[in-house]
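Because the structure is a prediction, the values reported are computed rather than measured. As a basis for the values below, the full set of heavy atoms in this structure was taken, side chains included, without hydrogen atoms, waters or symmetry mates. Read the numbers this way: they start at 1 and go in the same order the structure lists the ligands and their atoms.
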Amino acid sequence: MRQESGEKDFRRCGEKLIQRQHLNREEWRVLLQGQTQERQEWLAAQASKLRDQIYGKRIFIRGLIEFTNYCKNDCFYCGIRRSNSRARRYRLSQEEILSCCRTGYGLGFRTFVLQGGEDSYYTDERLTEMIRKIRQEFQDCAITLSVGEKSRESYEAYRKAGADRYLLRHETANEEHYRLLHPENQRLGDRIQCLKTLKSLGYQTGAGFMTGSPGQTIEAIIDDMMFLEELQPEMVGIGPFIPHHQTPFRGEKQGSLELTLYLLSLVRLLLPRVLLPATTALGTIDEKGREKGILAGANVVMPNLSPADVRGKYLLYDNKICTGKEAAEGLEALRASVNALGYELAVDRGDIAPETVLA
Ligand code: SAH
């Protein structure tokens with residue numbers, strides 16, 4: 001009996017999310033507690049259907065260029081944190097980055113994502129010059145940055161130089177949880193302010209978080225969902241936490257496939273038009289992780305365009321994959337596996353769908 005009324009409650013909240021793209025705390029709790037395979041499948045089917053209505057059978061690709069692993073921050077979960085003295089550090093030159101873009105363009109990429117640690121070598125001057133060069137040479141491409149927390153002036157300068165999008169995961173919207181993941185000098189409030197600034201400057205903005213990071217509770221995930229509803233980001237990056245052996249979290253448990261898929265589906269239902277990657281971390285914990293992510297509602301994949309000799313150094317977590325379908329050279333294999341699911345890789349920039357598609 002209890003189980004049945006639980007099922008009814010679950011459906012009621014799921015339907016409400018689909019109709020209203022809004023839930024209160026208690027309703028989120030109903031969806032997030034007691035996850036079962038059956039519920040996951042139902043959410044995934046709803047999320048997939050909605051994504052298809054908006055984007056059709058198209059999956060977007062982004063070429064990821066990990067251009068520096070120097071970082072001034074010390075996030076407890078991250079393998080390229082400042083205190084990891086054993087990380088082999090590297091940074092790509094402007095010419096190397098441009099060369100990655102050229103390779104990527106030839107392969108069919110029309111979005112380049114420049115991601116890195118917070119590296120003071122890359123001053124605003126160097127970064128804006130870089131962006132201008134890419135903008136000049138690849139006029140039909142989107143430029144996405146993911147270089148952490150900067151001042152409004154910096155974000156403005158990058159935008160003027162030609163950057164279109166910015167990825168800055170909020171990591172967790174729960175204060176207490178944020179403090180468990182970061183040293184004192186890193187503040188959730190600063191991160192959120194950055195996200196708001198990015199939106200106000202007209203960036204297509206990406207927030208997001210890891211699933212199963214140490215200390216993550218259902219209540220913290222509810223905070224994440226409510227924060228995403230408020231922020232209305234154009235992109236949301238969600239992937240499992242994976243421990244790195246040279247961080248304080250070396251002995252912690254990895255985030256699960258199931259929870260990641262579950263949350264991907266919920267985020268699709270909360271933000272129907274969102275650009276939602278099936279992340280490298282998801283592909284790392286499960287051989288079919290990316291495909292499962294797509295079936296749960298994701299519509300973006302981000303193959304690695306970094307030069308092969310530095311890929312093994314951008315190690316945010318242990319065993320990070322970088323040579324198979326997640327590598328740009330593996331694009332044909334990726335295409336085949338996406339086609340096998342009944343989808344195609346899109347060859348345009350893949351901007352967020354206009355609001356009218358749902359009207
Ligand atoms: N310096 C940039 C880019 C960070 S790396 C920034 O601050 O935004 C991109 C993302 O990788 C991070 O936002 C984090 O969510 C994720 N990440 C870092 N360490 C990880 C780990 N151990 N397991 C899974 N994901 C991790």
Within 45° of the axis and under 6.0 Å from the centre of the six-membered ring of Y203, does NZ or CZ of R159 qualify?
yes

State whether Y178 and R191 meet the cation-pi test: NZ (Lys) or CZ (Arg) under 6.0 Å from the six-membered ring centroid, and within 45° of the perpendicular axis.
no

Contacts satisfying salt bridge (Lys or Arg N to Asp or Glu O under 4.0 Å) that involve residues 280-289 (not counting sequence neighbours) are D286-K292

Output all residues satisfying ring pair (Phe, Tyr, Trp, His ring centres under 6.0 Å) with Y343, sequence neighbours left out; order by chain, then residue number.
none

Strictly distance-based, threshold 3.5 Å: is any side-chain N or O of R311 a donor or acceptor partner for the main-chain N or O of S306?
yes

Could you give the N/O to N/O pairs under 3.5 Å linking ligand 1 and the protein, each with its distance?
residue	atom	partner	partner atom	Å
ligand 1	1 (N)	G116	O	3.0
ligand 1	7 (O)	R191	NH2	3.3
ligand 1	8 (O)	R191	NH2	3.2
ligand 1	13 (O)	E171	OE2	2.5
ligand 1	15 (O)	R169	NH1	2.9
ligand 1	15 (O)	E171	OE1	2.7
ligand 1	15 (O)	E171	OE2	3.4
ligand 1	22 (N)	Y77	O	2.9
ligand 1	22 (N)	I242	O	2.7
ligand 1	22 (N)	L316	O	3.4
ligand 1	23 (N)	I242	N	3.0
ligand 1	23 (N)	I242	O	3.4

For Y105, enumerate each residue passing the ring pair (Phe, Tyr, Trp, His ring centres under 6.0 Å) test, keeping only those at least two apart in sequence or located in another chain.
F138

